[in-house]
J.: 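Take a look at this one; I'll ask things after.
Scope of the values below: all heavy atoms of this structure, side chains included, with no hydrogens, waters or symmetry mates.
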Amino acid sequence: MSFYAFEVLYWTGICYGELLALTPGDFNLADSTPSITKSYQRLQRRDVITPSKTPNSVRKVQMPKFLRDEMADFIAMRADLGPEDRRPSTTWAMSRNVEARLST
């Protein structure tokens, strides 16, 4: 899971909180674009999803074709998730793994 997260961060340039707020429904695989409309924050030991801070923060970013294909495979592997579902129980653990990769 952290491999995909790292790839999305690297190839799209989105912010870390934006990545953690993404759901399967945010990905338009036909156009190779995820919609960035919200952000993840950890406040008082709780996962909180907030709207993007400014109107300019709401956007669609382009993914390379290979990343679109990887994300399509990942979403297919996670058939237990609906279009708007996130995995809050794993988000915090995954975020620590990605942070460790980014800091090395």
J.: Decide whether L19 and V58 are clustered together by the hydrophobic rule: side chain heavy atoms of Ile, Leu, Val, Met, Phe, Trp, Tyr closer than 4.5 Å, transitively.
T.: no
J.: To check you understand the geometry: which heavy-atom pair defines the closest contact between S57 and E18, and what is its length?
T.: O-OE2, 4.3 Å
J.: Are Y10 and V8 co-members of a hydrophobic cluster defined by side-chain heavy atoms under 4.5 Å apart?
T.: yes
J.: Working to the nearest 0.5 Å, report the span between CZ of F27 and OG of S32.
T.: 11.0 Å
J.: M77 and Y4: side chain to side chain contact (heavy atoms under 4.5 Å, CB included), yes or no, with the steps?
T.: CA-CA 12 Å; M77 287 188 304; Y4 296 105; 3.6 Å; yes
J.: For residues 64-73, run the donor-acceptor check on the side chains, cut-off 3.5 Å, and write out each pair with its distance to 0.1 Å, sequence neighbours left out.
T.:
none

J.: Could you work out, with side-chain hydrogen bond (donor to acceptor under 3.5 Å, both in side chains) as the rule, every residue matching T50, not counting sequence neighbours?
T.: Q41
J.: Once side-chain contact (heavy atoms from CB on, under 4.5 Å) is applied, do any residues pair with T23, and if so which ones, sequence neighbours excluded?
T.: D26, K38, E84, R86
J.: Which pairs pass ring-ring contact (aromatic ring centres under 6.0 Å, His included) with one or both residues in residues 41-65, sequence neighbours excluded?
T.: none
J.: Does anything in residues 27-36 form a salt bridge (Lys or Arg N to Asp or Glu O under 4.0 Å)? List the pairs, not counting sequence neighbours.
T.: none
J.: Which atom pair, heavy atoms only, marks the closest approach of I14 to L9?
T.: O-CD2, 3.5 Å
J.: Answer yes or no: is there a side-chain heavy-atom contact under 4.5 Å between S39 and I49?
T.: no
J.: With side chain to side chain contact (heavy atoms under 4.5 Å, CB included) as the test, would you mind laying out the steps for L20 and D47 before giving the verdict?
T.: CA-CA 10 Å; L20 295 177; D47 293 338; over 6 Å; no
J.: If hydrophobic residues (ILVMFWY) are linked whenever their side-chain heavy atoms come closer than 4.5 Å, directly or via other members, who joins V48 in its cluster?
T.: L43
J.: I'd like to know if the side chain of T12 and the backbone of M63 have a donor-acceptor N/O pair within less than 3.5 Å.
T.: no
